[in-house]
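See structure below.
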Amino acid sequence: MTATGPAPRCPSCDGPVTFTALVLAHREEDGKRVCRGVWQCADRHLWWSWADRPGDPLEPCPYPDLFGA
């Protein structure tokens with residue numbers, strides 16, 4: 001569960017995802033440095049989303065090797 005509601009579901013397999021990390025990233029559209037939350041399901045699909053935009057859909061994480069996926 002997140003601060004704004006239930007945890008998201010995996011877009012690939014619809015399984016529950018678990019929050020695994022925060023990553024500080026540069027958001028090109030507005031030039032801000034913002035955290036991304038990293039989420040992983042039991043099938044090891046790895047997703048992330050902007051921490052300051054909880055309603056946005058999960059996006060595939062382009063760095064799976066950083067998180068042991």
Side-chain angles (χ1 to χ4, degrees):
M1 178 152 196
T2 67
T4 59
R9 307 288 293 181
C10 177
S12 291
C13 66
D14 199 38
V17 292
T18 303
F19 180 80
T20 59
L22 278 175
V23 177
L24 185 61
H26 178 258
R27 186 164 53 204
E28 295 204 12
E29 69 184 57
D30 59 11
K32 293 182 179 180
R33 290 172 37 154
V34 182
C35 286
R36 280 192 177 256
V38 180
W39 301 82
Q40 186 173 19
C41 72
D43 287 338
R44 302 183 63 86
H45 300 128
L46 198 63
W47 304 91
W48 67 358
S49 61
W50 294 111
D52 65 340
R53 297 179 178 172
D56 282 4
L58 295 175
E59 301 172 31
C61 180
Y63 308 109
D65 294 338
L66 291 177
F67 306 102

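The distance from atom CH2 of Trp39 to atom CG of Leu58, rounded to the nearest 0.5 Å, is 7.5 Å.
In this structure the side chain of Pro16 reaches within 4.5 angstrom of the side chain of Arg9, judged on heavy atoms. Residues Ser49 and Asp56 fail the side-chain proximity criterion, which asks for heavy atoms closer than 4.5 Å.
When all heavy atoms of Pro60 and Trp48 are compared, the pair lying nearest together is O-NE1, 3.6 Å. When all heavy atoms of Ser12 and Trp47 are compared, the pair lying nearest together is OG-CZ2, 3.2 Å. When all heavy atoms of Cys13 and His45 are compared, the pair lying nearest together is SG-ND1, 3.8 Å. What you find for Tyr63 and Leu46 is that their closest heavy atoms are O-CD2, 4.4 Å. The shortest heavy-atom contact between Val17 and Pro8 is CG2-O, 2.9 Å.
By the 4.0 Å N-to-carboxylate-O rule, Arg53 lies too far from Glu59 to be salt-bridged with it.
More than 12 heavy atoms of other shown residues, nucleotides or ligands fall within 6.0 angstrom of atom CZ in Phe19.
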